[in-house]
Amino acid sequence: MIHEDRVKKLNKKEIRNGRYVLYWMQASHRTEYNQALEYAISKANKMNRPVVVYFGITEFFPEANERHYYFMLEGLREVKSSLKEKGIPMVVRHKSPELGAIELSKDASLVIVDGEYLRKQKRWRSYVAQTIDCPLVQVESDVVVPVEAASPKEEYSAATFRPKIKKKIGTYLLPMKENRPKVDSLEHDFDSFNIEDPERVVSSLEIDKSVRRVEDFHGGATEAKKRLEDFLKNKLDYYEEYRNDPTKEFLSNMSPYLHFGQISPIYIALKVLETDSPGKDAYLEELIVRRELSVNFVFYNQNYDSFDGLPNWAKKTLKEHAKDPRKYIYTIKELENAETHDPYWNAAQIEMRTKGKMHGYMRMYWGKKIIEWTKTPGEAFKIALYLNNKYELDGRDPNGFTGVAWCFGKHDRPWKERQIFGKIRYMNANGLKRKFDADLYAEKARLIN
DNA sequence: ATCGGCTCGCGCAA
DNA sequence: TGCGCGAAGCCGAT
C-alpha cells in the first residue's frame with residue numbers, strides 16, 4: 001500500500017476505460033522502491049489493464065550537458081531492462097517530456113507521475129494536468145516524508161524542521177511490497193527511441209558537450225546499491241569522524257544517484273537502520289533531515305535559485321557590504337579554470353570539474369570564497385549556482401540550490417559582522433587546516449588535474 | 001586547548 | 001513577553 005499522503009490528484013478528471021495505465025517517469029529512474037510505479041501497478045491490476053512506462057528525453061533540459069545525460073542514460077538503460085523483467089514496456093520518446101506524456105495519455109485510463117519540486121517540472125505537470133482528458137496523479141517517491149506532510153510552510157532552519165520531520169519518519173519509513181502487473185503488455189508495439197547504447201545516444205543528441213562524462217561515477221541502480229553496500233560495510237562506522245575530511249573517502253556518494261532517482265532514500269535509510277553502526281544517526285541526519293529540508297526550501301520558496309530567496313537579515317547585511325573593497329576579484333572564467341591564488345579553492349574546483357562531485361565539506365568553503373572574490377553577492381550567487389549545476393552530477397538538485405543558498409545565510413544564523421560578508425558566516429583556509437591536511441587535498445587535486 | 005562573544009528569529013514556556 | 005538555542009564559523013583571551 002502506498003501512503004495516501006504521497007498521492008496528489010493534479011486535476012479533477014475521471015478515470016476512463018483506456019488501454020493501459022501510464023506511468024510518466026520523470027524523477028524516479030528505478031524500479032525498486034518506486035512508489036509511483038507501484039501505485040501504477042496496483043491501479044492497473046484493479047482495472048485489469050497493463051502498465052506502460054514513458055520517459056521523454058529532451059535536448060533542451062536547462063543546464064544539462066553530456067556529463068549529466070550520460071549518467072542518466074546509463075541508469076535508464078537499466079530501468080528499461082528491469083521493467084522488461086516485470087513484463088512492463090518502457091516507451092522512450094525523443095521530445096520534451098510533457099508532450100510525449102500528452103500523446104501517450106490518449107489511450108490511457110489514467111496517468112501517474114512521480115514527485116518533483118522544481119519550477120520547470122512543476123510547470124510540465126500542471127500543463128499536462130490541464131491538457132489531458134484523464135486523471136494525472138502525482139506520487140511522491142523520492143522523499144521519506146512527503147513535503148507537505150513534513151511541514152506546511154517554509155522552514156527557517158534545521159532546528160525548526162528537525163523535530164517536525166522526526167515525528168513523521170516512523171509513519172513513512174516502511175518496507176515496501178512490490179507487485180507484478182497481472183496483465184503483461186510487452187506485446188504492445190510502441191514506437192520507442194533506442195537507448196541501449198548511452199555513448200551512441202549522447203553523440204546523436206544536440207546537447208552541450210563541453211563537459212565530458214566522468215570516469216569516477218557510473219549511473220544506474222546496480223551501481224548505486226554496490227556503492228551503498230561498500231559504504232555500510234566499510235565507512236559508516238567512521239562517518240561521523242571523517243565525513244568532514246576531504247582527503248579521506250568516507251562519504252556514501254549517494255547524491256548523484258538520489259538526484260536521478262536511481263535509488264530510493266527509503267531503501268537507503270532502511271539498509272542503514274539494519275546495521276548497528278555508531279554512524280547511523282549522523283548519516284540519517286544528512287539523508288533525511290538535511291536532504292528533505294532542502295526539498296522544503298525549493299517547494300515553498302519560489303526564489304530558491306536566486307539571491308531574492310535568502311532570509312531578510314542575510315539580504316540586508318550582504319547588500320550593506322556589497323560595495324566593500326575586495327582584495328581579489330575573479331572572472332567567472334578564472335574561477336571555472338581554477339585560477340585563483342588559493343590552492344585549496346582551486347583543488348575543490350578541480351575535484352568538481354574532474355570527478356563530477358566535490359566533497360561536501362569543501363562545497364561550503366568553495367561557495368563562501370566566491371562571495372569574497374566577486375563584485376557583488378548577487379553575482380556571486382549566480383556564479384556559484386552556474387558552476388554547481390554545470391559540473392556536479394547532482395547539480396540542479398534541491399540540495400544544490402539549498403547548499404548554495406546556505407553559503408549566503410539560508411538556514412543559518414548571523415555571526416560577527418565583517419567586511420564583504422556582513423553577518424553571514426565566514427570561512428577561511430585556517431579552518432580547513434585545523435580540520436584536515438589541506439595541503440594533501442591540494443596535492444591530490446593536482447594529480448587528477 | 002578551551003571558552004565566550006558575536007547576532008537574528010523561531011518557538012516554546014509562562 | 002522572555003529566553004534558549006542554533007550545520008560544519010571566526011577571533012581574541014585565558
Side-chain angles (χ1 to χ4, degrees), chain A residues 150-168 238-248 250-252 255 279-297 300-301 309-321 324 327 342 344-345 348 351 357-373 377 380 384 388 394 397-438 441:
Chain A
S151 167
K153 60 166 187 164
E154 180 181 1
E155 290 292 332
Y156 181 74
S157 69
T160 62
F161 185 59
R162 188 176 297 110
K164 292 183 190 176
I165 193 167
K166 279 202 162 177
K167 258 188 277 177
K168 307 271 186 159
Y238 310 94
Y239 180 72
E240 224 178 332
E241 199 179 343
Y242 292 137
R243 71 180 150 153
N244 284 341
D245 186 342
T247 67
K248 296 186 166 68
F250 280 88
L251 303 184
S252 68
S255 67
K280 262 200 297 206
D281 288 350
Y283 185 73
L284 292 175
E285 163 79 12
E286 308 299 320
L287 178 72
I288 303 177
V289 178
R290 292 279 154 191
R291 179 168 179 272
E292 299 191 9
L293 175 62
S294 79
V295 173
N296 171 278
F297 175 50
Y300 288 111
N301 190 320
L310 299 173
N312 287 331
W313 70 267
K315 281 190 279 200
K316 180 165 177 280
T317 191
L318 282 169
K319 277 181 192 158
E320 281 166 7
H321 289 272
D324 290 354
K327 192 169 170 196
D342 178 347
Y344 314 128
W345 193 94
E351 183 181 33
K357 186 170 175 294
M358 189 192 300
H359 190 280
Y361 187 77
M362 292 307 293
R363 290 190 192 200
M364 297 185 281
Y365 179 79
W366 177 87
K368 293 286 183 188
K369 290 293 142 183
I370 296 177
I371 300 175
E372 195 172 334
W373 301 334
N388 181 79
D394 55 22
D397 192 87
N399 275 280
F401 293 108
T402 309
V404 168
W406 179 86
C407 295
F408 292 74
K410 184 72 201 173
H411 296 152
D412 203 10
R413 58 167 157 153
W415 301 88
K416 191 182 165 64
E417 190 163 14
R418 58 157 61 226
Q419 289 284 290
I420 303 172
F421 287 83
K423 292 168 183 167
I424 298 290
R425 182 195 298 262
Y426 174 69
M427 290 176 85
N428 67 13
N430 289 335
L432 306 182
K433 289 184 201 164
R434 220 180 299 125
K435 290 176 189 74
F436 59 88
D437 188 344
Y441 178 67

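So you know, we letter chains A, B, ... as the sequences are listed, proteins then strands, and number each from 1.
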Do the side chain of [X] and the main chain of [Y] share a donor and acceptor less than 3.5 angstrom apart?
X: A:Ser255; Y: A:Asp394; answer: no
X: A:Asn301; Y: A:Gly309; answer: yes
X: A:Glu351; Y: A:His359; answer: yes
X: A:Thr160; Y: A:Ser157; answer: yes

Spacing between [X] atom [atom1] and [N] atom [atom2], to the nearest angstrom:
X: A:Lys368; N: C:dA8; atom1: NZ; atom2: C1'; answer: 10 Å
X: A:Arg243; N: C:dA7; atom1: CZ; atom2: P; answer: 12 Å
X: A:Lys369; N: C:dC10; atom1: NZ; atom2: C1'; answer: 11 Å
X: A:Leu251; N: C:dA8; atom1: CG; atom2: C1'; answer: 13 Å
X: A:Phe408; N: C:dA7; atom1: CZ; atom2: C1'; answer: 17 Å
X: A:Asp245; N: C:dA8; atom1: CG; atom2: C1'; answer: 13 Å
X: A:Trp415; N: C:dG6; atom1: CH2; atom2: P; answer: 10 Å
X: A:Leu287; N: C:dA7; atom1: CG; atom2: P; answer: 18 Å

- Task: Kindly say if A:Arg413 contacts the phosphate of C:dC5, meaning a side-chain N or O under 4.0 Å from OP1 or OP2.
- Result: no

- Message: Between the base of C:dA7 and the side chain of A:Arg425, is one N or O donor paired with an acceptor at under 3.5 angstrom?
- Response: no

- Which nucleotide of DNA chain B is the first, and which the last, in the 5' to 3' direction, to come under 4.0 Å of a heavy atom belonging to chain A? B:dC6 to B:dG11

Answer with base, sugar-phosphate or nothing: what part of the nucleic acid does [X] contact at a heavy-atom distance below 4.0 Å?
X: A:Glu240; answer: nothing
X: A:Ser157; answer: nothing
X: A:Trp313; answer: sugar-phosphate
X: A:Lys153; answer: sugar-phosphate
X: A:Lys316; answer: nothing

Please report the distance separating the [atom1] of [N] from the corresponding atom of [M], rounded so that it comes out in whole Å.
N: B:dA1; M: C:dA7; atom1: C1'; value: 23 Å
N: B:dA14; M: C:dG4; atom1: C1'; value: 14 Å
N: C:dC11; M: B:dT7; atom1: C1'; value: 15 Å

Does atom [atom1] of [X] have more than 12 heavy-atom neighbours from other groups under 6.0 Å away?
X: A:Asn430; atom1: CG; value: yes
X: A:Asp281; atom1: CG; value: no
X: A:Lys315; atom1: NZ; value: yes

- 5' priority, DNA chain C, between A:Leu432 and A:Glu285 [closest heavy atom]: A:Glu285

- Is any side-chain N of the basic residue among A:Glu292 and A:Lys164 closer than 4.0 Å to the acidic one's carboxylate O? no

- Query: Is it true that A:Arg162 and A:Glu285 make a salt bridge, defined as a side-chain N closer than 4.0 Å to a carboxylate O?
  - Reply: yes

- Which of parallel (below 30°), tilted (30 to 60°) and perpendicular (above 60°) describes A:Trp345 and A:Trp373? perpendicular

Side chain to side chain, [X] and [Y], heavy atoms closer than 4.5 Å:
X: A:Lys369; Y: A:Tyr344; value: no
X: A:Ile371; Y: A:Phe421; value: yes
X: A:Lys435; Y: A:Lys433; value: no

Can you tabulate the close N/O pairs, meaning under 3.5 Å, that link protein atoms to atoms of nucleotides 11-14 of chain C?
| unit_1 | atom_1 | unit_2 | atom_2 | d |
| --- | --- | --- | --- | --- |
| C:dC11 | OP1 | A:Arg418 | NH2 | 3.0 |
| C:dC11 | OP2 | A:Asn428 | ND2 | 3.2 |

- Note on the structure: Pairs under 3.5 Å (Watson-Crick or G-U), crossing ones as [ ], inter-strand ones as |: DNA chain C comes out as ||||||..||||||

